[in-house]
Amino acid sequence: MKTAFLGLGHMGLPMAKNLAAAGHEVTGFDVIPAAVETARAAGLAVAESGTDAATGADVVITMFQTGAQVLDAYRGEGGAAGLLGVAASGALFIDCSTIAVDEARAAHALAEAAGHRSLDAPVSGGVVGAENATLAFMVGGSDEDFEAARPLLEAMGRRVVHCGGAGLGQAAKVCNNMILAVSQIAVAEAFVLGERLGLSHQALFDVASNASGQCWALTTNCPVPGPVPTSPANRDYQPGFAGALMNKDLGLAEHAISATGVDARMGMLARAIYQDFAAGEGVSQDFSGIINTIRAESA
Ligand code: NAD
């Protein structure tokens, strides 16, 4: 089975390498020549173009930044052939990029109209998860296509969840990250409030981590140094998960909230807070660094 892997960036390259290491026949490509050279130097087979990589492929995996990039690559731009036009008939298209639910559904529709099968399969777990093949995949598409993709996804990740039909992998991702953003802000506000009340970080952690305030933003990504030695706060807020990426995901949440009319005031507030954070030095800091903004802006 021939697999094309397009988008060899921070996430895509280690994912493609893990797929090849598991014995799959993988050909990679990226529009950035330096990324292709890095992949070649890492031992991955590479092609001269996306369509070269995808010609006759049974599986086409994409790991791009945006939905527009996915749709353009599927369709082809400026009269050039797209990936859908060159893959083997009935090929399985798996898009692992984080994109909007409606863009994912548009990608499914294009693939189906071209006689192919398709899944949206965004991930969580970051670059470390991509490197160690411990990603979590959230997958949207048919039962059959999910089962066909499972061995490939399991070569790149540890947890693979079928969330439902087309677009529902992206829906799960956007909902999860909205919870994460809101809870990271709540935890940061609580630590700053505790500081003002004279409460030590460790005491608040010891109570909340064993009480109803317990959550990942506290027990893994603790925004103050000390209580969780592996959290980004202990290394000057180096990501982790950068503010820019959280802001991107909240942009997708905002899009989904306005499309559905949900009264998600906390989600929208988190979006506004992280938009400001990512417009400044938070762009490259871990998103738990929001605590420094909250502290600085407190009277
Ligand atoms: P990245 O910018 O490092 O990589 C994306 C790559 O896609 C780039 O190298 C770009 O040149 C390439 N690309 C774009 N269009 C292409 C095309 N038509 N053909 C071939 N290559 C093309 O981004 P990343 O950090 O690897 O993230 C990829 C996706 O994963 C994003 O949607 C992101 O939101 C999501 N994600 C990232 C992380 C993370 O920690 N980096 C975590 C979870 C999810």
Side-chain angles (χ1 to χ4, degrees), residues 4-18 26-40 42 44 46-55 57 60-78 80-87 93-101 103-104 107 120-132 134-139 153 156-157 159 169-170 172-174 176-177 180-181 221 232 238-253 255 274 278 283-287:
F5 199 117
L6 308 179
L8 303 172
H10 293 96
M11 299 291 288
L13 177 58
M15 290 167 70
K17 279 166 59 184
N18 285 331
V26 182
T27 305
F29 178 72
D30 195 291
V31 287
I32 299 175
V36 175
E37 283 322 306
T38 307
R40 196 197 306 272
L44 193 75
V46 289
E48 293 299 308
S49 70
T51 44
D52 272 4
T55 297
V60 179
I61 303 177
T62 43
M63 190 49 161
F64 301 160
Q65 277 286 347
T66 68
Q69 289 170 341
V70 175
L71 294 171
D72 285 347
Y74 275 25
R75 281 187 295 239
E77 283 178 280
L83 303 174
L84 296 171
V86 299
F93 278 71
I94 307 174
D95 179 42
C96 296
S97 325
T98 302
I99 66 175
V101 175
E103 290 170 325
D120 51 294
V123 303
S124 67
V127 175
V128 172
E131 284 168 351
N132 298 335
T134 54
L135 292 170
F137 285 90
M138 295 147 264
V139 187
L153 302 182
M156 300 183 281
R159 200 167 141 70
Q170 298 292 351
K173 167 99 184 165
V174 84
N176 177 71
N177 279 19
L180 176 60
N221 218 42
Q238 282 172 42
F241 188 53
L245 290 173
M246 177 51 93
N247 184 44
K248 174 198 166 177
D249 289 1
L250 288 169
L252 299 176
H255 179 76
Y274 275 112
V283 66
S284 55
Q285 274 181 14
D286 186 78
F287 76 115

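Just so it is clear, the values below take in all heavy atoms, side chains as well, and ignore hydrogens, waters and symmetry mates. In each ligand, atom 1 is the first atom listed, and ligand 1 is the first ligand listed.
The minimum heavy-atom distance linking Asp120 with Ala104 is given by the pair CB-CB, 4.1 Å.
A heavy-atom cutoff of 4.0 Å around ligand 1 is satisfied by the protein residues Gly7, Gly9, His10, Met11, Phe29, Asp30, Val31, Ile32, Met63, Phe64, Gln65, Gln69, Ala73, Ser97, Thr98, Val123, Gly126, Val127, Lys173, Leu245, Lys248.
Paired with Val60 under the rule side chain to side chain contact (heavy atoms under 4.5 Å, CB included), one option of Leu83, Ile94, Val86 passes, and it is Leu83.
Side-chain contact between Leu8 and Phe29 is absent, with no heavy atoms from C-beta onward closer than 4.5 Å. When side chains are defined from C-beta on, Met11 counts as touching Leu135, because their heavy atoms get closer than 4.5 Å.
The distance from the CG atom of Leu153 to the CE atom of Met138 is 11.5 Å, given to the nearest 0.5 Å.
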message = The test is side-chain contact (heavy atoms from CB on, under 4.5 Å); show your working for Asp249 and Phe287 and say whether it passes.
response = CA-CA 12 Å; Asp249 289 1; Phe287 76 115; over 6 Å; no

